[in-house]
Amino acid sequence: LEMVIDRELSTIIARRQPTARDLRLLLAVSKTIANLERVGDEAARIARKVQRMLNDGESSRIGLPVADLEFESELAIRQLRKALDAFARLDVESAVEVLKQDHLIDREFEALMRKLVTCMVQDPSTISSSIELVFVAKALERVGDHAKNIAEVIIYIVKGTDVRHNPLDTVESLAR
């Protein structure tokens with residue numbers, strides 16, 4: 001489907017000769033689709049890991065910080081929803097908010113890693129379960145990164161400025 005969409009975008013560009021903003025929108029749609037595909041990949045990875053843990057019975061014998069994973073997943077879902085809503089409305093302010101809140105998921109991921117390492121050190125029988133949860137936590141953190149990428153694309157569409165790889169204060173001034 002991605003190839004079909006790219007082909008259609010190329011046809012639009014060739015036949016309609018879009019203005020700069022329209023061209024940015026077409027390119028942004030393509031990038032957003034790629035980010036959403038990656039989010040789907042991460043969701044599938046999470047589902048596989050959780051299913052494996054349930055099938056192996058590991059979920060019932062571990063006392064790992066599952067509540068922390070739930071919180072991280074809520075942050076990631078909230079960020080993705082906000083980014084998609086901002087994309088639908090081409091809302092730069094909401095996109096900047098997504099960028100501002102990206103560090104929350106990163107911080108939660110780091111805290112969860114510390115807790116999982118502590119669990120593994122205190123009880124080596126939790127190592128395999130902890131490693132599975134590391135992969136789940138990393139996948140959730142990547143969902144947040146994809147939401148951030150979508151937010152950066154929104155700023156590019158509206159402002160015509162590529163804000164990737166810039167500090168947040170620079171992004172805020174470029175987004176004005």
Side-chain angles (χ1 to χ4, degrees), residues 1-49 68-114 133-176:
L1 286 175
E2 183 179 359
M3 291 172 55
V4 171
I5 291 168
D6 285 347
R7 196 172 325 116
E8 292 294 323
L9 290 173
S10 296
T11 301
I12 291 170
I13 292 168
R15 289 187 181 160
R16 302 205 187 265
Q17 300 176 353
T19 63
R21 182 175 172 149
D22 293 336
L23 183 57
R24 288 193 307 266
L25 177 61
L26 293 173
L27 294 172
V29 165
S30 179
K31 288 181 184 233
T32 300
I33 289 169
N35 275 292
L36 290 175
E37 182 181 5
R38 299 291 90 72
V39 168
D41 293 343
E42 299 299 344
R45 183 173 294 113
I46 291 167
R48 283 192 306 273
K49 296 292 181 188
D68 295 318
L69 263 178
E70 288 178 33
F71 181 67
E72 185 184 4
S73 68
E74 289 168 8
L75 286 174
I77 291 167
R78 191 176 327 132
Q79 284 287 88
L80 185 59
R81 282 189 177 137
K82 186 180 283 187
L84 291 173
D85 184 53
F87 185 84
R89 295 181 290 114
L90 295 178
D91 181 354
V92 172
E93 288 180 28
S94 292
V96 170
E97 281 302 310
V98 170
L99 298 178
K100 285 180 178 179
Q101 294 173 0
D102 180 60
H103 74 283
L104 297 175
I105 296 173
D106 296 339
R107 199 173 336 148
E108 190 63 29
F109 173 74
E110 291 166 7
L112 185 59
M113 291 303 99
R114 286 190 297 275
L133 290 177
V134 166
F135 287 118
V136 170
K138 185 61 180 175
L140 290 169
E141 190 264 341
R142 291 292 302 137
V143 169
D145 290 342
H146 292 300
K148 178 183 174 186
N149 293 345
I150 293 168
E152 291 169 340
V153 164
I154 295 161
I155 296 168
Y156 174 70
I157 294 168
V158 176
K159 298 295 184 176
T161 304
D162 188 350
V163 297
R164 295 175 298 171
H165 313 296
N166 281 297
L168 186 58
D169 57 340
T170 303
V171 171
E172 286 181 293
S173 66
L174 291 171
R176 288 189 188 119

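The first residue in the sequence is number 1, and the count goes up from there.
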Closest non-hydrogen atoms of Asp91 and Arg89, given as atom of the first, atom of the second and distance, are OD2-NH1, 2.9 Å

Output for pair (Met113 CE, Glu108 CD), nearest 0.5 Å, gives 10.0 Å

Approximate separation, where rounding is to 0.5 Å, of Glu141 CD and Glu72 CD = 7.5 Å

Heavy atoms of Ile105 and Gly144 approach each other most closely as CD1-CA, 3.7 Å

Which heavy-atom pair separates Ala95 from Ala86 by the least distance, and what is that distance?
-> N-CB, 4.0 Å

Minimum-distance pair of heavy atoms, taken over all atoms of Asn166 and Thr170 = OD1-CG2, 4.0 Å

Spacing of CG belonging to Leu140 relative to CG belonging to Asp68, to within rounding of 0.5 Å = 12.0 Å

Stepwise, does the salt bridge (charged side-chain N to carboxylate O under 4.0 Å, His left out) test hold for Asp41 with Arg38?
-> CA-CA 5 Å; Asp41 293 343; Arg38 299 291 90 72; 3.3 Å; yes

What is the minimum heavy-atom distance between Val98 and Ala147, and which atoms define it?
-> CG1-O, 3.8 Å

Any ion pair linking Glu110 and Arg107 (charged N to carboxylate O, less than 4.0 Å)?
-> no

Do Asp145 and Asp106 come within less than 4.5 Å of each other through their side chains, counting heavy atoms only?
-> yes

Val153 and Phe87: which non-hydrogen atoms are nearest, and at how many Å?
-> CG1-CE1, 4.4 Å

Check whether any side-chain heavy atom of Ile150 sits under 4.5 Å from a side-chain heavy atom of Leu36, and report yes or no.
-> yes

Between Lys82 and Asp85, does at least one N-O distance fall below 4.0 Å, as a salt bridge requires?
-> no

Identify, with sequence neighbours excluded, every residue that meets salt bridge (charged side-chain N to carboxylate O under 4.0 Å, His left out) alongside Glu37.
-> none

Set of residues satisfying side-chain contact (heavy atoms from CB on, under 4.5 Å) with respect to Val96, sequence neighbours excluded = Val92, Lys100, Ile155, Glu172, Ala175

Which side-chain N or O atoms in residues 23-32 pair as donor and acceptor under 3.5 Å with protein atoms at least two apart or in another chain?
unit_1 : atom_1 : unit_2 : atom_2 : d
Arg24  : NE     : Tyr156 : O      : 3.1
Arg24  : NE     : Ile157 : O      : 3.1
Arg24  : NH2    : Ile157 : O      : 3.1
Ser30  : OG     : Asp6   : OD1    : 3.0
Thr32  : OG1    : Ala28  : O      : 2.8

Looking at OG1 of Thr11 and CZ of Arg7, how far apart are the two atoms once the value is rounded to the nearest 0.5 Å?
-> 8.0 Å

Check: Leu133 main-chain N/O paired with Lys49 side-chain donor or acceptor under 3.5 Å = no

Just how far is it from atom CG of Leu84 to atom CD1 of Ile154, taken to the nearest 0.5 Å?
-> 8.0 Å

Taking atom OG1 of Thr161 and atom CG of Leu174, what is their separation to the nearest 0.5 Å?
-> 5.5 Å

Does some side-chain heavy atom of Leu99 sit less than 4.5 Å from a side-chain heavy atom of Glu152?
-> yes

